[in-house]
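Single-structure report; data block below.
Note: hydrogens, waters and symmetry copies are ignored here, and every other heavy atom, side chains too, is used. Numbers for residues simply follow the sequence, beginning at 1.
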Amino acid sequence: MHIVIPGALPEPEVAAELAPHLAQRAPTLARWLGLGTPRSTACPAADTWCTPLEHWLLQARGFAPAQEEHISAGLGPLRLPGADDEPVWLAELIHMAPSRDGAALLPSDTLAITAEQSAALLESARELIEDSGITLTPDTPETWRVHWPEPIRLACASPALVAVSAVNDWWPQDAAARPWRRLVNGLQMAWYEHPVNQQRLQDGLAPINSLWLYGGARRSQLSRPLPDDLRIETALQAHAAAQDWGGWIEALAGLEQHGFAPLADATPTVVLTGREQTVELDTRAGWLRRLRPLDWRRWWCNR
């Protein structure tokens, strides 16, 4: 069993204060952390163009980037399984909002997009899309597949990464991206007063006013399936990103009660992710380690 916990590696200056809370509120997790030898992997966003969780998932699938391709390109085939081996480009429906750093992105998983809303927005932009030469076909209400008229090479960050940084840092500026930028600019104008968004505003929801492009790799670049019995526990993620450590502690207690304690006798592989790092621990320790667990605070607080 693999248990992946995004947001479970706070920065060292915060971790020292949180460690006593982890020991008290999540004793099962604390015991696991003492049984395994930590294997740390750096995954700086400037190199990966994706989040540490996405980086771990792609490594687990055995993704092999092509030459001059960021590992984030593998998110296309990772998110959209299928039979063909064409490059898998995806466009996520998002909300783009002004911010102090230029613009901020709200990803689709925060927008509660319905299938009817997605279809209406796509239909309203049909002529604009056809004129661009780019084809968009719905995959899910939140994601459309992108087909280019000719092969293209673009570096695109994952929307999950952009959501916790700044749009201006990741907006594609390559000459090859001009048709995409032109299409997105047109969509933003077409959707500004669209009935879907007028209704969303009345309902207190952020409008769907843009698309974010990502992916581009082929399915054959993924060489193995994800581990069996994979569990991804995301309760800490938003609190860690917002540096809401009181909420983080309460969410951790909830994970202990509902997720970890029922598995107290298990020996899972535990994966923790931080801002630009993952740590993996195999808790299948020998008898000596079980008698004398490691002091996990030494590495958890000093990375």
Could you walk me through whether W32 and F260 pass the ring-ring contact (aromatic ring centres under 6.0 Å, His included) test, one step at a time? CA-CA 10 Å; W32 287 338; F260 305 150; 5.7 Å; yes

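Here the side chains of D282 and T37 are not in contact, with every heavy-atom distance at 4.5 Å or above. For the pair C50 and I71, the minimum side-chain heavy-atom distance is below 4.5 Å. Counting only heavy atoms from C-beta outward, the side chains of P159 and Y214 approach each other to under 4.5 Å. Using a 4.5 Å heavy-atom cutoff, the side chains of W212 and L93 are not in contact. Put simply, the side chain of L90 does not reach to within 4.5 Å of the side chain of L213, judged on heavy atoms. Within the 4.5 Å cutoff, no side-chain heavy atoms of R39 are placed close to those of V279. A heavy-atom distance below 4.5 Å is found between the side chains of L230 and L57. Within the 4.5 Å cutoff, the side chain of P12 has no heavy atoms near those of the N302 side chain.
Listed by first then second residue, pairs satisfying side chain to side chain donor-acceptor pair (under 3.5 Å) with a partner in residues 235-254 read R25-E250, H239-D244, not counting sequence neighbours. Here side chain to side chain donor-acceptor pair (under 3.5 Å) pairs that include residues 146-166, with residues two or more places apart or in two chains, are E54-S158, E69-R153, S165-W170.
Judged by distance alone, the side chain of Q221 and the main-chain N or O of A64 form a donor-acceptor pair under 3.5 Å. The backbone N or O of I208 sits less than 3.5 Å from a side-chain atom of N197, completing a donor-acceptor pair. No donor-acceptor distance shorter than 3.5 angstrom exists from the side chain of D85 to the backbone of R218, with no hydrogens or angles considered. Put simply, the side chain of R200 never gets that close to the backbone of L205: no donor and acceptor are under 3.5 Å apart. A donor-acceptor pair under 3.5 Å links the side-chain atoms of T110 to the main chain of P107, judged by distance alone. When atom types are taken as modelled, the side chain of R224 and the backbone of A60 share a donor-acceptor pair closer than 3.5 angstrom. Of the possible donor and acceptor atoms, none in the side chain of T278 sits under 3.5 Å from a partner among the backbone N and O of T273. Of the possible donor and acceptor atoms, none in the side chain of W191 sits under 3.5 Å from a partner among the backbone N and O of A125.
Take E11 and apply the salt bridge (charged side-chain N to carboxylate O under 4.0 Å, His left out) test, not counting sequence neighbours, and it matches R275. With sequence neighbours excluded, the residues satisfying side chain to side chain donor-acceptor pair (under 3.5 Å) with W49 are H70. Remark: W296 engages no residue in a side chain to side chain donor-acceptor pair (under 3.5 Å) (not counting sequence neighbours). With sequence neighbours left out, D84 forms a side chain to side chain contact (heavy atoms under 4.5 Å, CB included) with E86, R145, R219. Under the rule for a side chain to side chain donor-acceptor pair (under 3.5 Å), E276 has no partner lying at least two apart in sequence or in another chain. Under the side chain to side chain donor-acceptor pair (under 3.5 Å) criterion, E92 pairs with S108, not counting sequence neighbours. The side chain to side chain contact (heavy atoms under 4.5 Å, CB included) test applied to A42 returns P44, not counting sequence neighbours. Scanning for side chain to side chain contact (heavy atoms under 4.5 Å, CB included) contacts around R61 gives L78, L222, L226, with sequence neighbours left out. In this view, S223 satisfies the side chain to side chain contact (heavy atoms under 4.5 Å, CB included) rule with no residue, not counting sequence neighbours.
Atoms CG and CG, from D109 and L106 in turn, are 10.0 Å apart once rounded to the nearest 0.5 Å. Here the straight-line distance linking atom CZ of R182 with atom CG of D131 works out to 11.0 Å at 0.5 Å rounding. One finds the CG atom of L75 at 5.0 Å from the CZ atom of R79 (value rounded to the nearest 0.5 Å). Note: I129 CD1 to L122 CG = 5.0 Å, rounded to the nearest 0.5 Å. Between the CD1 atom in I94 and the CG atom in N209 there is a gap of 7.0 Å [rounded to 0.5 Å]. The distance from atom CD1 of I3 to atom CG of L255, rounded to the nearest 0.5 Å, is 9.5 Å.
No chain of hydrophobic side-chain contacts below 4.5 Å, direct or via other Ile, Leu, Val, Met, Phe, Trp or Tyr residues, connects I232 to L9. Connection of M189 to V196 is not established within any shared hydrophobic cluster, with ILVMFWY side chains joined at heavy-atom distances below 4.5 Å, either directly or through further cluster members. Using a 4.5 Å cut-off between side-chain heavy atoms of Ile, Leu, Val, Met, Phe, Trp and Tyr, with links allowed through other members, L29 and V271 fall into different hydrophobic clusters. Under the 4.5 Å side-chain heavy-atom criterion for Ile, Leu, Val, Met, Phe, Trp and Tyr, V270 and V4 are members of distinct hydrophobic clusters. Residues I152 and V184 share a hydrophobic cluster, clusters being chains of Ile/Leu/Val/Met/Phe/Trp/Tyr side chains in contact below 4.5 Å.
Nearest heavy atoms, V88 versus P77: CB-N, 3.8 Å.
A side-chain N or O of W144 and one of S118 form a donor-acceptor pair less than 3.5 Å apart. The closest side-chain donor-acceptor pair between T41 and Q277, if any, does not fall under 3.5 angstrom.
Within 6.0 Å of CG on D203 lie more than 12 heavy atoms contributed by other residues, nucleotides or ligands. Taking a 6.0 Å sphere around CD of E13, one finds it holds more than 12 heavy atoms contributed by other residues, nucleotides or ligands.
Tested against P268 for a side chain to side chain contact (heavy atoms under 4.5 Å, CB included), the candidates H2, R284, M1, R231 yield a single pass: M1.
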Atom pairs and distances, donor-acceptor, side-chain atoms in residues 172-180, under 3.5 Å, two or more places apart:
none

